[in-house]
Amino acid sequence: VPYSFSDHGLLDDRPFVDGKWLRLPDRKTFPVEDPSDQQNLAHVSDCDASEYDKAIVIAHKAFASYKNLAPRTRGDLLRRWSQQVSNSRNDLAAVCTLELGKTFKESLGAVDYAVRCLTWFANLAEEGCGGETIPNSNPGGKTRIFTIRQPVGVVCAITPWNSPYSGVLKKIAPALAVGCTVVHKPAPETSLCAIALAKTFDRAGFAPGVYNMLTCAPEKAAAIGDLFCSHHLVRHVTFTGSTAVGRYLAQRCGANLKKMTMELGGNAPFLVFADADLDVAVKSLLACKFTSAGQVCIYANRVLVEEQIQDQFVSKLLEAITQNIRLGSPWDDKSTLGPLYSVKGAGKIQRLLKDALNKGARLLTPDTYKDGSAFYPPTLLVDTRSEMQITQEEIFGPVVGVSTFKTEDEAIQLANDVNSGLAGYVFTENVSRLFRVAEALQVGMVGARTGSISAVEQPFGGIKDSGLGREGSRHALEEYTDLKAITLAL
Ligand code: ADP
């Protein structure tokens, strides 16, 4: 690897519980690999349910005092954490490139985004969650109603591999900002990122037990999920991942009446009308298709273009891909596209591609995928249709499928004709149409003339099968607090 760590203290294989780096009694581990060459990077602790159970009890104990810290003190702690993340910028980025295959430049951006998550919620912690004063509506009523927001208690977080810093902090930072304590199970694939992030937490000065992070092998995930959703000391389960797993966890949380945040899969439509600025649309599509090798749930999944501009749009897109997208080592400055997170990801894309080609889609890009590799070439297809798997499933890779529509009504109908409803994009220079379409899209987030909508200040979340609740923005604080009404007699 063309990188040498300046701080080896960020690298570890142990879980972080009660402010300590534990050694498991049975020393059980599982392997983590570099997707670039499938070489083993490390063996990290494979914690079982009893370890997570202990961590929940510890987090519950820590909650008793952490919830009473002054909001400004919590803000200061989060700011100190953000400083630690900044101090380790290059090393954290390197772990991300090693484990996830993100280009080093993108990994640096991911660390910067993580810092913004922490500072944003540090500021919100200080502002605190204010309440309302509600007058009594009875004639001559002698009471007033006050509301306050209080931290729910222990929050359990399950996170995916695709956004191992900001995706984690969008859950942990708001929970800590309002006074909750946390037990976190990261994705096995990005265990080293989770460990390195926990190391920076450890240096920020929080009390023991406020944040606990335990890694486990993929086979253990279901048992840990069940524990989180049923443990009597857990008040909220926050999950980001597939709709199938989220649906199951939501059922379990429902059965036990636990609060939940579910950030699930998307299938974003990307609508380009004939009156759009095609250069803006093409540039935006590159941003929300090839960054992170397309492995982001809000990225464009179905490109729908008004019929009369299809040829023009496709030729501009093909030229932009050819000129801008360089597949190569994520450590090479010239690469703009690294490997997928794993060879598994490539297998799924191959299945979608074969199905599309069998059903009549046409391939316009020259490079083909080589079996057994996690490097997937930029791929452009036209004539994709609703019945193809590639339009029905999340692609999660650098593959664009383009199809056409004739009218605005048809565009909206096609865009909404899926079960998920996470993000959508619309390109037109007609402002009335822009609003009409943005309002008609059945999604939680719209990029109107832009493909870059990621920001911690944006309310992030979906409708329909894409989940429940919102992350980012001040709405995130509502997820981790309960509303209490106090009626006061005058
Ligand atoms: P992805 O396809 O992105 O890996 P998953 O939903 O499988 O999506 O994984 C997201 C996170 O959920 C990971 O941390 C994974 O280990 C965890 N996970 C997978 N299956 C379960 C389950 N049955 N219960 C709880 N967590 C799970």
Side-chain angles (χ1 to χ4, degrees), residues 15 30-33 35 44-49 51-53 56 99-102 155-172 182-195 197-198 212-231 234 236-256 258 260-267 292-299 301 340-349 351-352 374 393-397 420 422 462 465-468 471:
F30 68 97
V32 178
E33 66 181 33
V44 299
S45 299
D46 181 11
C47 301
D48 61 24
E51 304 295 333
Y52 285 88
D53 181 278
I56 291 168
E99 213 174 26
L100 185 53
K102 235 171 149 55
V155 172
C156 284
I158 301 177
T159 54
W161 47 264
N162 67 335
S163 180
Y165 297 137
S166 63
V168 167
L169 289 172
K170 276 207 210 154
K171 297 183 184 300
I172 315 295
V182 177
V183 177
H184 174 208
K185 187 210 92 64
E189 295 86 348
T190 46
S191 294
L192 295 176
C193 288
I195 290 169
L197 190 64
N212 307 276
M213 189 288 307
L214 304 91
T215 52
C216 72
E219 316 78 76
K220 295 261 171 72
I224 310 308
D226 280 333
L227 174 77
F228 284 0
C229 299
S230 61
H231 199 293
V234 175
H236 187 118
V237 176
T238 174
F239 170 81
T240 300
S242 59
T243 294
V245 173
R247 192 188 302 279
Y248 172 77
L249 294 175
Q251 280 166 0
R252 302 294 308 138
C253 283
N256 295 307
K258 295 197 191 303
M260 61 181 115
T261 309
M262 294 286 153
E263 299 295 348
L264 312 179
N267 184 344
S292 291
Q295 303 168 109
V296 180
C297 52
I298 56 174
Y299 279 5
N301 210 59
L340 300 169
Y341 81 105
S342 130
V343 179
K344 264 192 304 194
K348 176 188 172 181
I349 299 171
R351 169 173 66 77
L352 300 181
E393 294 181 37
E394 234 179 346
I395 304 170
F396 246 58
S420 40
L422 192 58
D465 281 3
S466 294
L468 298 166
E471 297 192 323

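Ligands are counted one by one from 1 in listed order, and the atoms in each one are counted from 1 as well.
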Task: Region of Thr240 that comes within reach of ligand 1 [heavy atoms, distance under 4.0 Å] - done: backbone
Open item on the list: Please work out, at 4.0 Å between heavy atoms, whether the side chain, the backbone, both, or neither of Asp226 comes within that distance of ligand 1.
Closed with: neither
Open item on the list: For atom 18 (N) of ligand 1, what's the nearest protein heavy-atom neighbour? Residue, atom name and distance, please.
Closed with: Ala221 CB, 3.6 Å
Task: Nearest neighbour in protein (non-hydrogen) for atom 9 (O) of ligand 1 - done: Gly241 CA, 4.6 Å
TODO: Using a 4.5 Å cut-off on heavy atoms from C-beta on, say whether the side chain of Ile158 contacts that of Val245.
DONE: no
Task: Flag, side chain of Ser466 to backbone of Leu264, donor-acceptor distance under 3.5 Å - done: no
Open item on the list: I need the Leu468 CG to Thr261 OG1 distance, nearest 0.5 Å.
Closed with: 8.5 Å
Open item on the list: In this structure, does ligand 1 have an atom that sits under 4.0 Å from one of the heavy atoms of Lys185?
Closed with: yes
- [ ] Considering heavy atoms of the protein only, find what lies nearest to atom 14 (O) of ligand 1 and give residue, atom and distance to 0.1 Å.
- [x] Thr159 O, 2.7 Å
- [ ] Take atom 2 (O) of ligand 1 and look for protein heavy atoms under 4.0 Å from it; say yes if you find one, no if not.
- [x] no
Open item on the list: Checking contacts here: is it the side chain or the backbone of Pro188 that comes within 4.0 Å of ligand 1, counting heavy atoms only? Could be both or neither.
Closed with: side chain
- [ ] Return yes if a side-chain donor-acceptor contact under 3.5 Å exists between Lys170 and Ser163, otherwise no.
- [x] no
TODO: May I ask you to decide if Asp465's main-chain N or O and Thr243's side chain share a donor-acceptor pair within less than 3.5 Å?
DONE: yes
Open item on the list: With a cutoff of 4.0 Å, is Phe396 in contact with ligand 1, counting heavy atoms of the residue only?
Closed with: no
- [ ] Would you mind checking which non-hydrogen protein atom is closest to atom 20 (N) of ligand 1, with the distance to 0.1 Å?
- [x] Val245 CG2, 3.6 Å
Task: Numbered atoms of ligand 1 (with element) below 4.0 Å of Ala187, judged on heavy atoms - done: 14 (O)
Open item on the list: Apply side chain to side chain contact (heavy atoms under 4.5 Å, CB included) to residues Thr238 and Glu471 and explain how you reach the verdict.
Closed with: CA-CA 10 Å; Thr238 174; Glu471 297 192 323; 3.8 Å; yes
Open item on the list: Determine whether Val183 and Phe228 satisfy the following criterion, side chain to side chain contact (heavy atoms under 4.5 Å, CB included), listing intermediate values before the conclusion.
Closed with: CA-CA 9 Å; Val183 177; Phe228 284 0; 4.0 Å; yes
Task: Heavy atom of the protein closest to atom 4 (O) of ligand 1 (residue, atom name, distance) - done: Trp161 NE1, 3.4 Å
- [ ] Would you indicate whether the side-chain heavy atoms of Ile224 and Cys216 approach each other to under 4.5 Å?
- [x] yes
Task: With Ala187 via side-chain contact (heavy atoms from CB on, under 4.5 Å) - residues at least two apart - done: Trp161, Glu189, Thr190
Open item on the list: Assess whether a salt bridge exists between Glu393 and Arg351, defined as any Lys/Arg side-chain N lying under 4.0 Å from an Asp/Glu carboxylate O.
Closed with: yes
TODO: Number the atoms of ligand 1 from 1 as they appear, then name those within less than 4.0 Å of a heavy atom of Gly225, with their elements.
DONE: 25 (C)
Open item on the list: Is atom 26 (N) of ligand 1 near the protein, in the sense that some protein heavy atom lies at less than 4.0 Å from it?
Closed with: yes
Task: From CG (Leu340) to OG (Ser292), nearest 0.5 Å - done: 11.0 Å
Open item on the list: Just to confirm my output: which protein heavy-atom neighbour is closest to atom 17 (C) of ligand 1, and how far is it?
Closed with: Ile158 CG2, 3.7 Å
Task: Closest protein heavy atom to atom 6 (O) of ligand 1, given as residue, atom name and distance to 0.1 Å - done: Ser242 OG, 2.7 Å
TODO: Could you tell me the residue and atom name of the protein heavy atom closest to atom 12 (O) of ligand 1, and the distance to it rounded to 0.1 Å?
DONE: Phe239 CE1, 3.2 Å
